[in-house]
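Side chains included, hydrogens not; waters and symmetry mates left out as well; all remaining heavy atoms used. Small disclaimer: the values here were computed from a predicted structure and weren't measured.
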Amino acid sequence: MSKGKKSEYNAISDFRRREFLKKLGLGVSASMLLPFIPVLSASGAECPIGKRLIIFYTGDGNNGYNWEPNGTGANFQLSNVHEALNPHKSSLTLLVGMENVRGGPGDGHIQAGASMWTASQATDAPAGISDAIVKDPDSNGRGYYANTPSIDQTIANGVACYGDSPRKSYHLGVNIGAERTRTRVFQQGNRIPTHVETNINGILKDLFPSDLPSMPGSALGYREKIFDTVLFELESIKNLAPAADRPKFDQHITALQSSRQRLETESPPTNTNTCQSPVIDTSNWNGLEHDRQLKIMIPLAVNAMACDRTKIMCFQLNHSQNDSDDSDKTPLRIAGDGNNYSAYSGFVHGEQHGGNTLNIDRFYSSMFALLLQKLKEVPEGNGTMLDNTLVVWSRDLANGSGHGSSPIQTVLAGSAGGQIQTGRVINVNNEPNAKLFVSMGRLMGMQNFNSFGNLRGNSGALTQFFS
């Protein structure tokens, strides 16, 4: 565009130029860009806008060996627990034999919850906190949160471009109980749990606030005009900038021009996602069965990520300890399922629950499959949104009643933008979960990331993961 030409679509007229520069990495980091504008790093390189992280957590252990697939490498069959994932088999990577290394005060559940996504040990609860908050039925001390952030927060704060969405990360959950040490596994930092939103009104307000612009996610022409506007603004400002700063502008302009050319060759999305707040009847939210809540939450979350409301999303389904003593929890409710899960409040605590345990695992698997299907329904580039996402599903114990730390079976999906060879089983031979977290950080763009947590310092990444 030539100097002096007016922008054809004044989509950013409300942005002050200083703020505009910040949002392009030319100043201090800013909190958001308009949806679908490629976010640029301070070096001028294009941020991996399609690269996203989703963590799917279901706690309190599982029948670990019932999760284990039959076979190795690319020649494997999913277990009957994961039958719902068969349509997505080529997009999966199954890690067999991970160890959730843990330590510190508290019983196995409290330790496992503290270390699950932090790779750090539980700490002693501060004086003055009631036993009800840090309750340990095995009397092994007053276990409390770890003193390090969880991997989702480390990535959100460690890669600058992930902070350019309105929310660096978002956490939502179903029937997880009041906040206490055994019900929160994601942490902002030193013994500070991350808030997990369970109310649909809160989720709608957080992910689709009224002050964000409403944009149709499938409007290719609209997105092209946004590119043109940004290019026009950059070229206009470059002419006013000191000569020493102009090469950085040129880097940004080149990256944006390249992105716009790729946009023109993409097939327009065929899904009906929009970036407007959907109309949802929230009046009977608490009365809905938990699978029906998830069937609303999951598409809503995928829609929000497609609209770049956040690039990091965490789901929590239950927590790290047997629920029989939690008065604020209700039994798991699945529509049309007549099984009685109330004896242990609906969640797995050990093999003695037999068929119910397998039913719960199959239920979780079906919800994970729904998440993958919704990601696949969003076209993106030469593939789908799932191709540009890393999805990680894991639990904190090998079994609930035995408090086993291994084997922790982990299911991953997506290739994080083509970085992972999917459709295979990897036996990690009792490697610590810290290595998985280091691998996740690297896949999300954290360079020279070799250590995470305080239980396995400088663990490095899973070499099998990148081979």
With a 4.5 Å limit on heavy-atom distance, are the side chains of I55 and M440 in contact? yes

Candidates V392, T389, D152 - the one meeting side-chain contact (heavy atoms from CB on, under 4.5 Å) with I54: T389

Enter the distance from Q187:CD to T194:OG1 here, rounded to the nearest 0.5 Å. 7.5 Å

Counting C-beta onward and ignoring hydrogens, is there a side-chain heavy-atom pair between K168 and T310 closer than 4.5 Å? no

Pairing residues for D250 by the salt bridge (charged side-chain N to carboxylate O under 4.0 Å, His left out) criterion, not counting sequence neighbours: K238

Minimum-distance pair of heavy atoms, taken over all atoms of P149 and Q153: CB-CB, 4.2 Å

For a 4.5 angstrom cut-off between non-hydrogen side-chain atoms, does T410 reach N433? no

Sorted by first residue and then second, give each side-chain hydrogen bond (donor to acceptor under 3.5 Å, both in side chains) pair with at least one member in residues 82-96; sequence neighbours left out. H88-K376

With sequence neighbours left out, what residues match R246 under side chain to side chain donor-acceptor pair (under 3.5 Å)? none

S366 meets the side chain to side chain donor-acceptor pair (under 3.5 Å) criterion, sequence neighbours left out, with none

How would you list, by chain and number, every residue that makes a side chain to side chain donor-acceptor pair (under 3.5 Å) with Y145, sequence neighbours excluded? none

Treating Q77 as the side-chain partner and G71 as the backbone partner, does any N or O pair qualify as donor plus acceptor under 3.5 Å? no

N199 meets the side chain to side chain contact (heavy atoms under 4.5 Å, CB included) criterion, sequence neighbours left out, with E197, N201

Given side chains that start at C-beta, do those of I280 and W285 come closer than 4.5 Å, heavy atoms only? no

Distance check, rounded to the nearest 0.5 Å: F315 atom CZ versus L371 atom CG? 5.5 Å

Quick one: CH2 on W393 to CG on L372, what's the gap to the nearest 0.5 Å? 9.5 Å

Set of side chain to side chain donor-acceptor pair (under 3.5 Å) partners for D387, sequence neighbours left out: T384

What pair of heavy atoms forms the shortest contact from L294 to P299, and how long is it? O-CD, 4.0 Å

Heavy-atom closest pair (P105 atom, D124 atom, distance to 0.1 Å) is CG-OD1, 3.3 Å

Ignoring hydrogens, what is the shortest heavy-atom contact between T72 and V425? Give both atom names and the distance. CA-CB, 4.2 Å

Under 4.5 Å between any side-chain heavy atoms of M444 and K51, yes or no? yes

My understanding is that only residues two or more places apart in sequence, or in another chain, count here; which of them pass side chain to side chain contact (heavy atoms under 4.5 Å, CB included) with L455? V101, S115, Q121

Between V428 and M98, what is the shortest heavy-atom contact and its length? CG2-N, 3.5 Å

Side chains of N100 and M116: closer than 4.5 Å at any heavy-atom pair? yes

I'd like to check the side chain to side chain contact (heavy atoms under 4.5 Å, CB included) partners of N190; sequence neighbours left out, ordered by chain and number. N147

Measuring only between side-chain heavy atoms, which start at C-beta, is M446 closer than 4.5 Å to I155? yes

With a 4.5 Å limit on heavy-atom distance, are the side chains of I176 and R184 in contact? yes

Going by the side-chain hydrogen bond (donor to acceptor under 3.5 Å, both in side chains) test, which pairs reach into residues 441-453, not counting sequence neighbours? R442-N450

Exam field: side chain S120 to backbone N454, donor-acceptor pair closer than 3.5 Å: yes

Separation between SG (C314) and CG (L172), nearest 0.5 Å, reads 9.0 Å

Please list, chain by chain and in numerical order, all residues satisfying side chain to side chain contact (heavy atoms under 4.5 Å, CB included) with P126, sequence neighbours excluded. I129, Y144, R191

Kindly write out the residues that satisfy ring pair (Phe, Tyr, Trp, His ring centres under 6.0 Å) with F437, not counting sequence neighbours, or none if the list is empty. W117, F452

